[in-house]
Structures are given as C-alpha cells and as structure tokens.
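Here the structure is laid out as structure tokens; the discussion comes afterwards.
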Amino acid sequence: MPDTPKPIPSVAEALARLDMPLAEAMMTQRAVRRVLPDPVDDELVLKCIELALRAPTGSNGQNWEFIVVKDPAVKAKLADRYRQAWAVYGGIGRRVTAGDESMAKILRAVQWQVDHFTEIPVLVVACLRAGPREGRLPFMPAPPVAASSFFGSIYPSVQNLLLAARAMGLGASLITLPLWSMTSARRILKLPLSVTPCCIVPLGWPRGRYGPTTRRPVREVVHLDSYGNRAWQSPS
C-alpha cells in the first residue's frame with residue numbers, strides 16, 4: 001500500500017521548496033510513477049522547464065523544445081502507444097524477473113502508470129531541434145557516436161527538470177516507451193521532421209512519498225584507468 005499523500009502545497013509553498021539543498025534533492029530523488037489526478041499549476045510546470053533550460057547543451061545550441069501535454073485527447077493517444085509497447089516489454093520483464101520482489105514492485109508501479117496514464121495531470125515531452133542551425137538534418141547518415149552527442153543535449157536539462165520537481169514535491173519519472181513509434185509521436189504532437197521527441201516526464205502530486213534511495217556502494221562501480229581496476233575497493 002502506498003503511503004498516505006501529504007496535503008498538496010500552494011504554488012508559493014512549492015516554489016519556496018526550491019531552496020532544498022542540492023545534495024538532499026539528489027539523495028532522495030526517485031522515479032515517482034503513482035501520482036494524483038489533481039491539477040498542477042502552470043507556474044510550477046513552467047518553473048521546472050525554466051530550470052531545465054539552465055543546463056548545458058552541445059556547442060551551446062540551446063536546441064530544446066518542450067511540449068506540455070494537458071489535453072485528454074492527446075494523452076489518450078500517447079497512452080495507446082504506451083500500452084502497445086508495455087504489452088511487449090512488461091511481459092518480458094515479468095518472465096525474466098520472476099521471483100524478484102524488488103523488480104516486481106517496479107513492474108507494478110509501471111503497470112499502474114500505464115493503466116492511469118490519461119489521469120496524470122501533465123506530461124512534459126522533451127524534444128531536440130535539429131536543422132541547419134545545429135549543423136545536420138535528422139535523416140542524414142552519421143556515425144554511432146553522433147546519437148550520443150545529439151541526445152547529450154537533452155538529458156542534462158531533463159535531470160534539471162526532475163530535480164526541480166523533486167524539490168517542489170512533485171512526483172516525476174523519465175519514460176520513453178510512449179515514443180516507440182517516432183512517426184506516430186510526431187503525428188500526435190504535430191512535430192516537424194526537424195524536431196525529435198526524446199522522452200516524456202509525467203508530472204503530478206505523488207501518492208506516496210520521497211525518501212532515501214538504495215544504491216550500490218560507489219567503490220563497486222568505479223574503475224581506475226581501465227575496466228576491472230577497482231583501485232578504491234577494499235580487498236575482500
């Protein structure tokens with residue numbers, strides 16, 4: 001059972017929470033998929049995006065575009081794409097992780113999000129614009145590293161958005177499955193070929209609560225100079 005949600009703060013109260021220490025926001029950030037259907041004030045959504053725009057981009061291209069989706073009809077179309085993708089990935093996930101309760105918990109949370117997608121008050125679709133100003137067109141051939149370079153201009157801003165949401169007390173997560181069909185996503189959002197949808201951040205007031213997350217010790221994942229040289233790991 002999820003925790004009882006806290007009272008929804010006023011806009012002024014939520015904005016005041018942006019004074020949260022950065023380390024606290026980072027240590028307690030998590031994917032919050034179960035959110036209330038209550039509206040989120042536009043001022044808070046725009047503040048999240050304003051802070052997202054403070055992130056760096058490749059060559060200072062500042063080539064982000066953000067689509068804020070509140071229209072139930074648009075959400076319903078994206079929900080259809082989400083269900084289609086989750087029918088495949090969710091089924092695989094349940095089979096592969098059978099018996100793993102921690103993964104089962106995550107899968108249940110994603111399933112809830114899929115089932116209640118149209119009830120989520122706000123969806124922020126983070127996009128990148130590519131065209132003559134950015135030096136290439138999306139249909140031009142490019143080496144594999146080009147994709148990493150291209151998408152590297154959106155994810156710092158998305159992380160800023162997620163941290164801003166966390167500080168203000170909003171529930172948020174980063175998802176991509178509703179965008180599995182780029183053609184369909186562009187049609188639903190009326191995007192030109194020069195704009196690529198990269199991910200969606202659903203926003204809403206959480207049904208549960210934020211709290212400390214569990215992660216592997218840093219010394220278990222850090223290597224010095226080459227893979228396998230765990231210089232900072234204590235000998236067993």
Side-chain angles (χ1 to χ4, degrees), residues 22 25-36 40 44-58 63-70 74-75 78-79 81-86 88-90 93 102-103 105-129 147-182 184-185 188-189 191 195-215:
L22 177 61
M26 296 171 73
M27 291 292 288
T28 60
Q29 183 187 26
R30 64 171 68 239
V32 176
R33 298 180 176 88
R34 294 184 176 96
V35 297
L36 299 168
V40 176
L44 301 183
V45 177
L46 293 177
K47 188 63 177 181
C48 284
I49 297 174
E50 177 187 344
L51 293 173
L53 300 183
R54 295 295 178 174
T57 55
N63 53 325
W64 336 261
E65 302 286 352
F66 293 88
I67 313 297
V68 176
V69 176
K70 300 198 294 182
V74 178
K75 285 192 281 187
L78 291 171
R81 303 289 85 76
Y82 198 178
R83 279 192 294 271
Q84 289 170 350
W86 184 244
V88 176
Y89 286 98
S102 63
M103 283 303 302
K105 183 178 179 181
I106 294 173
L107 292 172
R108 288 194 295 270
V110 177
Q111 185 66 62
W112 188 97
Q113 188 179 65
V114 172
D115 294 339
H116 298 268
F117 201 63
T118 57
E119 301 167 22
I120 297 171
V122 177
L123 307 174
V124 179
V125 186
C127 308
L128 282 174
R129 186 180 63 253
S148 177
S149 176
F150 179 64
F151 290 109
S153 285
I154 195 65
Y155 285 112
S157 65
V158 172
Q159 177 66 349
N160 272 16
L161 193 159
L162 292 169
L163 287 171
R166 163 64 193 103
M168 290 192 287
L170 286 165
S173 58
L174 189 162
I175 62 175
T176 57
L177 286 183
L179 305 175
W180 69 268
S181 170
M182 196 65 63
S184 178
I188 292 169
L189 299 168
L191 297 175
V195 176
T196 300
C198 302
C199 65
I200 298 178
V201 178
L203 285 175
W205 298 109
R207 291 177 178 268
R209 299 179 182 180
Y210 279 105
T213 53
T214 302
R215 297 291 186 265

Pairwise side-chain contact, Val35 with Arg207, heavy-atom cut-off 4.5 Å (strictly under): no
Atom CE of Met182 with >12 non-hydrogen neighbours under 6.0 angstrom: yes
Beyond-backbone contact of Trp86 with Leu107, side-chain heavy atoms, under 4.5 angstrom: yes
Over all atoms of both residues, closest heavy-atom pair of Pro206 and Leu170: CD-C, 4.1 Å
Stepwise side-chain contact (heavy atoms from CB on, under 4.5 Å) test for Leu189 and Val125: CA-CA 9 Å; Leu189 299 168; Val125 186; 3.9 Å; yes
Minimum side-chain heavy-atom gap Thr176-Ile200 below 4.5 Å: no
Minimum heavy-atom distance Cys127-Leu191, with the two atoms named: SG-CD1, 4.3 Å
Which atom of Ser153 lies closest to which atom of Gly58, heavy atoms considered: OG-N, 2.8 Å
Heavy-atom check, side chain of Gln29 versus side chain of Leu163, under 4.5 Å: yes
Gln111-Arg108 side chain donor-acceptor pair, cut-off 3.5 Å: no
Side chain Lys75, main chain Leu123, donor-acceptor under 3.5 Å: no
Rounded distance (nearest 0.5 Å) linking atom SG of Cys199 with atom CG of Leu161: 9.0 Å
Side chain proximity check, Thr28 to Thr213, heavy atoms < 4.5 angstrom: no
Pair Gln84-Trp180, side-chain contact (heavy atoms from CB on, under 4.5 Å): steps then yes or no: CA-CA 9 Å; Gln84 289 170 350; Trp180 69 268; 3.2 Å; yes
Reported CE-to-CG distance for the pair Met26 and Leu162, which is rounded to 0.5 angstrom: 12.0 Å
Spacing of Arg129 atom CZ and Thr196 atom OG1 [to the nearest 0.5 Å]: 11.5 Å
Tyr89, OH atom: more than 12 neighbouring heavy atoms under 6.0 Å: no
Arg30 to Tyr210 six-membered ring, cation-pi geometry met (6.0 Å, 45°): no
Residues 47-57 side chain polar contacts: donor-acceptor under 3.5 Å, at least two apart:
from  : atom 1 : to    : atom 2 : distance (Å)
Thr57 : OG1    : Gly61 : N      : 3.2
Thr57 : OG1    : Gln62 : N      : 2.9

Distance-only donor-acceptor check, side chains Arg81 and Ser181, under 3.5 Å: no
Contact check, side chains of Phe151 and Cys198, non-hydrogen atoms, under 4.5 Å: yes
Residues Ile120, Leu203; criterion side-chain contact (heavy atoms from CB on, under 4.5 Å); working and verdict: CA-CA 7 Å; Ile120 297 171; Leu203 285 175; 5.9 Å; no
Evaluation steps, side-chain contact (heavy atoms from CB on, under 4.5 Å), between Val110 and Tyr82: CA-CA 10 Å; Val110 177; Tyr82 198 178; 3.7 Å; yes
By side chain to side chain contact (heavy atoms under 4.5 Å, CB included) - contacts of Ser173 (at least two apart): Ala31, Arg33, Gln113, Ile175, Pro202
Phe117 and Leu78, any side-chain heavy atoms less than 4.5 Å apart: yes
Heavy-atom pair with the smallest gap, counting every atom of Pro197 and Ala185: CG-CB, 4.1 Å
Under 3.5 Å: donor-acceptor pair, side chain of Asn63, backbone of Leu128: no
Side-chain heavy atoms of Val69 within contact of Ile67, under 4.5 Å: yes
